[in-house]
K.L.:
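Take this structure first; my questions come after.
Every chain is numbered from 1 and lettered A, B, ... according to where its sequence line falls, protein lines coming before strand lines.
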2 protein chains.
Amino acid sequence: MPATMKDIAARSGVSIFTVSKYVNGGHVKNENAEKIEAAVAELGYKVNTTARALKTSRSMTIGIIMEELTNSFYSGVMSVVDNYFLESGYSSIITETKGRSEESLRKLDLLLSKRVDGIICFTSCCDLNFINTCIGSGVGLVVVDSLPQGGQPCGSCDFILTDNVCGAFDATRHLVENGHHEIAVITGDSSRFSAGERLRGYQECLAQSGIPVRGDLIFIDEYNIDGGYRCAQRLARLARRPTAVLVCNYLMALGALVAFNENDLRAGEELSLIMFDEIQANSAFRPRLTTVGQSLDEIGRLAAERILLRARGGDLPDGIFRIPARLIIRDSVVRLK
Amino acid sequence: MPATMKDIAARSGVSIFTVSKYVNGGHVKNENAEKIEAAVAELGYKVNTTARALKTSRSMTIGIIMEELTNSFYSGVMSVVDNYFLESGYSSIITETKGRSEESLRKLDLLLSKRVDGIICFTSCCDLNFINTCIGSGVGLVVVDSLPQGGQPCGSCDFILTDNVCGAFDATRHLVENGHHEIAVITGDSSRFSAGERLRGYQECLAQSGIPVRGDLIFIDEYNIDGGYRCAQRLARLARRPTAVLVCNYLMALGALVAFNENDLRAGEELSLIMFDEIQANSAFRPRLTTVGQSLDEIGRLAAERILLRARGGDLPDGIFRIPARLIIRDSVVRLK
DNA sequence: GCGAGAATACTAAACGTTTAGAATTTATCC
DNA sequence: GGATAAATTCTAAACGTTTAGTATTCTCGC
């Protein structure tokens, strides 16, 4: 139904070739350019990118696999990515896995069938099987927020991560500098890449500060609201309560806050608190929450750049990029003594 | 590079036709089915949906235009939609407008070029120009969370909205029933469809309760965090302060909470508060925030259903769907006297 | 073993582009 | 004006499917 190049060619009295050249920004005789332009306007012609994709075998589309569409860190990064894509004429097919790994393979299959030119995967738990399937199919891959368990990747893909160890280290140091010695940590289990790294940063800082690591202050559960809630419940009921807590994920933090409220434990006052991730609500809490912010802009820019490089055929070596985290000091850490 | 039907045909000794039939679920001789199946597995064949789309002129793709990718209401609905799509073999191209209307036309153009089979638009401000361009191009449209200003739509599209008037009415009534008579409202300007409706529900409830509407208690600003912040600042400095406030958008609510905190006005205690939208943080605040929740599931299901009906060629009449809102009572409304 | 009808498979032409390779027009210079 | 080079355009064959229209094979009853 919509007009094709053939229609434009017929209407303007030139060949399809000339139309194609003009539409793609090539130089044609002024006279012809005008006639084509007129025909395009008249018939409301829009290039059929499907046909173009078939012929050029480039879909100009990047597949996005996201653990949770509603995760505000991921959607924040994606917002930046989308912007870069538009400028470059790319667009993105987004699909969600809800964290189920069979789902991620199914979605991957779908995307490969759609002949995407590359894939960006947003997940905190990276499945080696997934990565290999991806690489095996020859499509470029950028993984945000994860590294595969056990061993470096071995194909053409990039990993973009916040420097979680430093981020957690700095946060913990901030607590120590404010006189805290009994510091708890709430984080996800080791399948979550960032969870493990953040735990490590916490431990390293304590070690370096000469503070013994108390096992009963390390709370590990699912990397979501419920997990945070459960950890905080356990923490609140501890006989020898810590004076501060580092929560390694914003969802866990939300859950933890619920539990602290239920236990009448005033987070940010009685119990100093630092959480990971800058979310819109952070300043709305009372006291305002000190957080470890990840740089959405930098991560997004880099993810977009790398996947576009790969999509355009660059045969790049693996890359692991660490983006610094930034401690945003607000009011939820009290100075002890 | 990847295997094509031709390769499969050659390898299994049948014609492309037979391969196509088999791949599409048609019945072929057992013997052939086996040979094809083997070849498919061996060569890792995946149907090229680009070629299929070209031939069938159905891309099996729905374009999504979203005001903000990070808006948790929209992404929550989208998550539901994505699920329906997968089951039906569809997928979605998501792009963001950041609320700029020239941007929405640009994105629309991109999507039409990609030959999407339909468009879902998530926005609280619906541009009639946009709708008409959409309809003019013959592609189905579903608009979530908005109705065009001035006049019903006049083409093949659906509008799915929360019943904002009732939602705001119920919330206001809940305040009145708890003894509040001085009730403020914070909302967006009239370009935001839901903002106006929610204001109306508030006003209707007051009128019906015999409470005079005080103009100085109606705060209108941008439908975002900053707007909410500014409104709340003005509210907090009022000589004759209200005892309760209805905030008509979750972003405005977050901004308002910041301002209330800065003014040492304890929201949910000194100032009862009801906000629109169920966000993950709602229960994490202290006190837990009473909210007007929109039904992501129902909205998402309906949006997906309608756009798929349209995509599959159904020539449906316009539809306006109102999904009931639900008041979720928590602790941020105190009983007066 | 044959013919009819059903079941299955084949051939070839599209879908709307891009792009080699060949052909034409235009510009340049003596 | 004619020869040459440069600029522009044309023709036609792909890209990987789907699908009419047609041909082949199979199944039966007799």
K.L.:
Checking B:S194 against B:Y223: is there a side-chain donor and acceptor pair closer than 3.5 Å?
P.N.:
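Present: a donor and an acceptor within the cut-off.
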K.L.:
Can you tell me which residue pairs pass the salt bridge (Lys or Arg N to Asp or Glu O under 4.0 Å) test with a partner in residues 87-99 of chain B, sequence neighbours excluded?
P.N.:
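Qualifying pairs, neighbours excluded: B:E68-B:K98, B:E96-B:K98.
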K.L.:
Can you pull the contact range of chain B along DNA chain C, 5' to 3', using atoms under 4.0 angstrom from its heavy atoms?
P.N.:
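The contacted stretch runs from C:dT8 to C:dG16.
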K.L.:
Quickly, which of B:I94, B:T95, B:I93 forms a side-chain contact (heavy atoms from CB on, under 4.5 Å) with B:K107? Name it, please.
P.N.:
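Passing option: B:T95.
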K.L.:
Determine whether B:L43 and B:R11 make a side-chain contact, defined as any pair of heavy atoms from C-beta on separated by less than 4.5 Å.
P.N.:
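Of all side-chain heavy-atom pairs linking B:R11 with B:L43, at least one is under 4.5 Å.
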K.L.:
Short of 4.0 Å, heavy atom to strand atom, which residues of residues 13-25 of chain A count as contacting DNA chain C?
P.N.:
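Listed by number, they are A:I16, A:F17, A:S20, A:N24.
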K.L.:
On DNA chain C, nearest-nucleotide positions of A:T56 versus B:A51: which is more 5'?
P.N.:
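Result: B:A51.
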K.L.:
A:D297: what forms a salt bridge (charged side-chain N to carboxylate O under 4.0 Å, His left out) with it, not counting sequence neighbours?
P.N.:
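For A:D297, no residue satisfies salt bridge (charged side-chain N to carboxylate O under 4.0 Å, His left out) once neighbours in sequence are set aside.
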K.L.:
Tell me which donor-acceptor pairs under 3.5 Å the side chains of residues 24-35 of chain B have, and how far apart each pair is, sequence neighbours excluded?
P.N.:
residue: B:N24; atom: OD1; partner: B:R52; partner atom: NH2; Å: 3.1
residue: B:N24; atom: ND2; partner: B:S20; partner atom: O; Å: 2.8
residue: B:N24; atom: ND2; partner: B:S20; partner atom: OG; Å: 3.4

K.L.:
Quick one: do the B:S59 and B:K114 side chains pair a donor with an acceptor below 3.5 Å?
P.N.:
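Checked: B:S59/B:K114 side chains show no N/O donor-acceptor pair below 3.5 Å.
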K.L.:
Under 4.0 Å between a side-chain nitrogen and a carboxylate oxygen: does that hold for B:R301 and B:E305?
P.N.:
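Judged by the 4.0 Å cut-off on N to carboxylate O distance, B:R301 and B:E305 do form a salt bridge.
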K.L.:
Any luck finding a side-chain donor-acceptor pair between A:E103 and A:T97 under 3.5 Å?
P.N.:
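There is no such pair (donor and acceptor under 3.5 Å, judged by atom type) between the side chains of A:E103 and A:T97.
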K.L.:
Looking only at side-chain N and O atoms, does A:R115 offer a donor or acceptor that is under 3.5 Å from a partner on B:T50?
P.N.:
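No donor-acceptor contact under 3.5 Å links the two side chains.
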K.L.:
Please list, in numerical order, the residues of residues 26-34 of chain A that have a heavy atom closer than 4.0 Å to any atom of DNA chain D.
P.N.:
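Close to the strand are A:H27, A:V28, A:K29, A:N32.
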